[in-house]
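The first residue in the sequence is number 1, and the count goes up from there. Just the heavy atoms: all of them, side chains too, but no hydrogens, waters or symmetry mates, feed the values below. One-based numbering, in listed order, for ligands and for the atoms of each.
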Amino acid sequence: MHKDLSRILLSEQELDETITRIAAELDRDYAGEEHRLVLVCILKGSVVFMGELMKKITIPVEIDFMRVSSYGNGTETTGHINIILDLLRKDLDKSDILIVEDIIDSGRTLAHLSQYLTLKGARSVRTCTLLDKPSRREVDFTADYVGKVIPDEFVVGYGLDYDEKYRALPYVGILKPEIYSN
Ligand code: IMP
Ligand code: MG
């Protein structure tokens with residue numbers, strides 16, 4: 001385990017099982033010619049989750065990317081969301097968008113992006129998150145697909161960062177508070 005972690009919250013095996021389960025749910029829910037599933041990865045945190053998820057989905061799937069910034073100080077967001085890489089698709093009205101996010105905290109990012117892509121004309125918009133911290137919600141938001149509900153702890157690894165570090169860890173761990181409190 002990395003020395004800056006107090007413990008591992010989700011092991012490689014637990015993550016694999018969780019993502020296998022979500023992929024099976026998506027295979028079931030988006031089966032058939034009438035669907036055109038487009039996974040939209042929210043950079044950068046969702047990149048590992050998205051890569052694993054797309055390998056496990058067996059129905060046809062397309063991918064795309066967006067990037068948002070919510071100006072914050074490391075472990076807190078301000079709630080103001082800026083789209084810094086937008087989705088450029090000409091056929092949004094024939095796309096069933098699944099926004100793929102690493103973690104839901106206040107709920108502001110996914111609430112904003114779902115509304116944005118719906119207004120932009122997507123045929124359907126659903127959301128999928130690997131991790132969910134419901135106790136931190138500031139806006140009423142529930143994802144359609146949730147990997148694991150976790151307690152109010154700052155976690156890193158499997159794409160998630162603190163100050164751009166720890167993204168490449170193959171598991172999700174709880175960061176020692178002394179790393180971000182000074
Ligand atoms: P929300 O808009 O408050 O739901 O923020 C979600 C975003 O905050 C995520 O995409 C992460 O970038 C970041 N975030 C929230 N909690 C954590 C955490 O525990 N570790 C790393 N990033 C987090
Ligand atoms: Mg993020």
Side-chain angles (χ1 to χ4, degrees), residues 1-12 14-15 18-19 22 39-54 63-87 97-120 125-182:
M1 184 179 77
H2 194 289
K3 63 172 175 42
D4 295 351
L5 303 181
S6 57
R7 69 184 174 94
I8 291 178
L9 190 63
L10 293 168
S11 68
E12 292 183 60
E14 279 177 285
L15 287 161
T18 301
I19 299 169
I22 296 174
L39 304 181
V40 175
C41 175
I42 306 307
L43 295 169
K44 304 172 194 173
S46 308
V47 73
V48 180
F49 173 40
M50 169 98 157
E52 285 303 310
L53 183 65
M54 63 188 277
I63 63 167
D64 234 313
F65 298 87
M66 287 183 82
R67 188 163 172 203
V68 299
S69 69
S70 46
Y71 294 107
N73 62 7
T75 61
E76 301 282 336
T77 60
T78 59
H80 184 82
I81 289 133
N82 272 334
I83 294 174
I84 51 180
L85 174 68
D86 202 352
L87 197 61
I97 301 290
L98 183 72
I99 307 175
V100 178
E101 177 64 305
D102 51 359
I103 188 166
I104 309 182
D105 188 61
S106 72
R108 290 183 194 279
T109 305
L110 280 187
H112 179 79
L113 288 179
S114 327
Q115 187 189 37
Y116 175 77
L117 291 173
T118 302
L119 289 173
K120 219 169 139 85
V125 179
R126 285 187 192 164
T127 54
C128 174
T129 188
L130 178 62
L131 307 173
D132 191 0
K133 289 198 264 193
S135 61
R136 299 261 309 168
R137 238 18 139 258
E138 289 167 20
V139 294
D140 185 24
F141 185 85
T142 310
D144 298 288
Y145 303 90
V146 177
K148 290 278 182 190
V149 172
I150 65 165
D152 180 11
E153 305 270 14
F154 196 81
V155 294
V156 295
Y158 215 75
L160 292 120
D161 75 309
Y162 170 66
D163 202 17
E164 294 300 327
K165 294 190 285 281
Y166 315 108
R167 290 195 197 275
L169 295 175
Y171 46 76
V172 173
I174 297 174
L175 193 61
K176 285 180 182 166
E178 67 241 42
I179 303 295
Y180 54 83
S181 58
N182 51 38

Going by the 4.0 angstrom heavy-atom rule, the piece of V155 near ligand 1 is both

For R108, the atoms of ligand 1 under 4.0 Å from one of its heavy atoms are 2 (O), 4 (O)

Note: S114 and V125 closest approach over all heavy atoms is CA-CG1, 3.9 Å

Quick note on ligand 1: atoms under 4.0 Å from a heavy atom of L160 include exactly 20 (N), 21 (C), 22 (N)

Does G45 have a non-hydrogen atom less than 4.0 Å from ligand 1? no

Q: For the residue pair V156 and L5, establish whether any side-chain heavy-atom pair is separated by less than 4.5 Å.
A: yes

* Assign the ring pair Y180 / Y162 to parallel, tilted or perpendicular, where the plane angle (0 to 90°) is split at 30° and 60°. => tilted

Here the atoms of ligand 1 under 4.0 Å from any heavy atom belonging to T109 are 1 (P), 2 (O), 5 (O), 6 (C)

Here the atoms of ligand 1 under 4.0 Å from any heavy atom belonging to I103 are 6 (C), 9 (C), 10 (O), 11 (C), 14 (N), 15 (C), 16 (N), 17 (C), 18 (C), 19 (O), 23 (C)

Note: I42 and V68 closest approach over all heavy atoms is CG2-CG2, 4.1 Å

Counting from 1 in the order shown, the ligand 1 atoms closer than 4.0 Å to a non-hydrogen atom of D161 are 21 (C)

Short version for K133: what comes under 4.0 Å of ligand 1, heavy atoms counted, is side chain

Under 4.0 Å from one or more heavy atoms of E153, ligand 1 contributes atoms 19 (O)

- Side-chain heavy atoms of L113 within contact of I83, under 4.5 Å: yes

Contact check: G107 vs ligand 1, nitrogen or oxygen atoms, below 3.5 angstrom:
yes

**OP:** Look at ligand 1 and say whether H112 reaches it with a heavy atom at a distance under 4.0 Å.
**Re:** no

Inset, instruction - Answer yes or no: does atom CG of D140 have more than 12 heavy-atom neighbours from other residues, nucleotides or ligands under 6.0 Å? - result: no

Checking heavy atoms under 4.0 Å, the part of E101 that sits near ligand 1 is side chain

Output for pair (L131 CG, L15 CG), nearest 0.5 Å, gives 7.5 Å

In L130, T129, V146, the residue satisfying side chain to side chain contact (heavy atoms under 4.5 Å, CB included) with I104 is T129

